[in-house]
Amino acid sequence: MDWVVFLIASAAALGCACGVILSRNPVHSAMMLVGTLFSIAVLFVAQAAHFLAAVQVMVYAGAIVVMFLFVIMLLGIDVEETLSDSLVRQKPLALALGAVTAVEAVLLTRMNWTVGTPSIQGPIGGPDGNAREMAEVLFTKYVWAFELTAVLLVIGIVGAVVLVRRRPTEVSE
Amino acid sequence: MIPFLAADPLYADGIDGTVILIVIGKVLVTFALLLLLVMLIIWFERKVVSDMQNRVGPNQAGPWGLLISLADAIKLFFKEQSIPDAADRRAFFIAPYMSLLPAFLAFAVLPIGGEIHIAGHTTYMQLADLPMGVLWVLAMSGIGVYGVLLAGWGSGTKYPLLGGVRASAQVISYEATMGLAVVGAVLQSGSLSTREFVNAQGWNDGIASIGHWFFIAAFPAFILYVIAMVAETNRAPFDMVEAEQELVGGFHTEYTGIRFAIFFLSEYMNMITMSGIAVTLFLGGPSGPTFDFLSWIWGPIWFLGKVAAFMFLYVWLRGTLPRLRYDQLMNLGWKWMLELALFWVMISATWLVAKEEGWNLAIVVPSTLLGAALMMFLLLQAFPKSSSTESSGMRGEVTR
């Protein structure tokens, strides 16, 4: 049963990921990205990481890709793209970096670095175990990292607002 | 034991053919129930709005015009379906289903009754009891935006695009408030499972359970949720998405025939789902007085009764309130509701921790309220003094 879920979800994730880079239209790419994120959420559920799966769908599929689409539609760049690159030497560089990443991924899995022992704490009990464990770790052990990330995000938002805000005198009425 | 199946007793003895059949049956019954409810609610809305406007309303098809929705569905089914030349066909075709499916999937986690026994198995009257049921609901309401967005963009014409972009902006804005209002209820129940919610609100206490319903303990969150819920479903007075005077018909201008019917269906299904969530989170779900006669049927009856009350609220708002202007909508969402929801989460979390730790409530509560008021005052200082420059800026951006 686990295998069936894994096979279907990972095939869907890979297929959609290919769709993201193969679609000519940015909106289609974004929709394929939603498919990829959703499939990965299914994989999370199969690993009993319910909280992660829900947050994945909520934040990435439900909010961030909507923002992508919003920008694509508002800026009117939803036309089909040509295959000629505007950046010089982008293609060979991308190929080289992709090859490096692929070799790295294979090496890491070979060296048992990413697939270690399942969990040292054992299965999480109760319907809310997921959220509880997560919250406890987040607000005790990793509280500094958590708070600093929050500060970073706030700085990002404030920066974006300041950058786009024109002074009232410059607005031409 | 398969890790992603939840606590339903149906799966306790392993899975065989009967269990699979029961699950399929539950799916079909839930879907049929939703469709039937939609039919009745469309009729209900037309009748109530007619009464409010001193009209008769539908009265030809069936007794009291009850079959009007069926007649409409048949009419739409046989109509020609046109596709604009500039349409993106894939997006255009998939959009109606993208808005229909999430509404149904979110409804699937709502408990509508207690346990029932079928063919020697015991199961909940609830399609799926997910451990993260509340988050699932929020995730699905986030996915629902794509239907409107893709429909607007995929039509390839101007007005639907504007309608779709407006809709997505509105839904994203109010989703934040809705999420925080839901957190207000989660703080009370201490759980994310919808069934635990119902249990925590005095399930099976009969009429005495009203005292445990979370709309008392989390009243501000309840009000914020109801406002956000109306905005999320794009209904009046927040029906900016399909403002006829400005946008012809909004995102579904180019849709005809059965595909338009699916959009129509999904709007009402969304209303039912959102009301169902409100009932589950704040009004005790299916709890209420039960009687010995057919004891299993009272849960669904109370649940549907509470949903019907929300439906009346929807229709009432539509019949009486004028539409908000777009900048008013955004101001309300981002500058008032979001802050109030955040403050409520802060206040009620402090209250709960203080009660548990035995702090002096006479000091803790006033100081929390004072802090919230101070922060709101500071925020108000940061807002621009008049909104006139802002609204002209916004109009300039839309027409550019």
Side-chain angles (χ1 to χ4, degrees), chain A residues 1-2 4-5 23 25-28 30-32 34-35 37-38 41-74 76 78 80 123-132 135 165-166 168 171-173, chain B residues 1-7 15 88 90-91 94-95 98 102 129-146 148-150 152-154 156 161-162 164-165 167-169 171-172 175-176 179 186 189-196 384 389-390 392-393 396-398 400:
Chain A
M1 188 68 189
D2 270 359
V4 180
V5 173
S23 298
N25 192 313
V27 175
H28 292 171
M31 288 317 292
M32 286 294 178
V34 175
L37 295 167
F38 207 88
V42 173
L43 288 175
F44 281 148
V45 174
Q47 297 291 318
H50 301 109
F51 184 77
L52 214 53
V55 169
Q56 163 108 347
V57 175
M58 230 161 86
V59 175
Y60 285 95
I64 289 185
V65 182
V66 173
M67 281 295 166
F68 285 180
L69 279 179
F70 202 68
V71 171
I72 291 170
M73 290 173 186
L74 265 190
D78 50 342
E80 311 243 321
I124 301 163
D128 291 311
N130 245 289
R132 268 182 222 287
R165 197 178 181 87
R166 285 168 297 180
V171 177
S172 55
E173 283 292 330
Chain B
M1 192 63 212
I2 297 160
F4 50 86
L5 288 182
I15 294 169
D88 182 287
R90 269 193 281 175
I94 205 174
M98 287 287 284
D129 181 22
L130 302 184
M132 297 284 147
V134 176
L135 293 182
W136 169 260
V137 161
L138 289 177
M140 282 306 115
S141 76
I143 292 289
V145 192
Y146 286 110
V148 177
L149 203 56
L150 282 182
W153 175 79
L161 179 61
L162 281 176
V165 170
S168 58
V171 172
I172 293 171
E175 219 161 64
V186 171
S189 83
S191 170
L192 288 169
S193 142
T194 43
R195 187 150 284 265
E196 288 300 315
T389 50
E390 209 164 335
S392 67
E397 257 171 33
V398 169
R400 190 162 56 213

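- Distance CE/A:Met31 to CD1/B:Ile94: 6.5 Å, rounded to 0.5 Å.
- Only the side chain of B:Ile172 comes within contact range of chain A, judged by heavy atoms closer than 4.5 Å.
- In this structure, chain A has a heavy atom under 4.5 Å from the side chain of B:Arg90, while its backbone stays farther away.
- Within the 4.5 Å cutoff, the side chain of B:Leu135 has no heavy atoms near those of the A:His50 side chain.
- Residues passing the side-chain hydrogen bond (donor to acceptor under 3.5 Å, both in side chains) test with B:Ser141: none are found, sequence neighbours excluded.
- Only the side chain of B:Val145 comes within less than 4.5 Å of a heavy atom in chain A; its backbone stays farther off.
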Check residues 53-70 of chain A and write down every donor-acceptor pair under 3.5 Å in which the side-chain atom is one partner and the other belongs to a residue at least two apart or another chain.
unit_1	atom_1	unit_2	atom_2	d
A:Gln56	NE2	A:Leu37	O	3.1

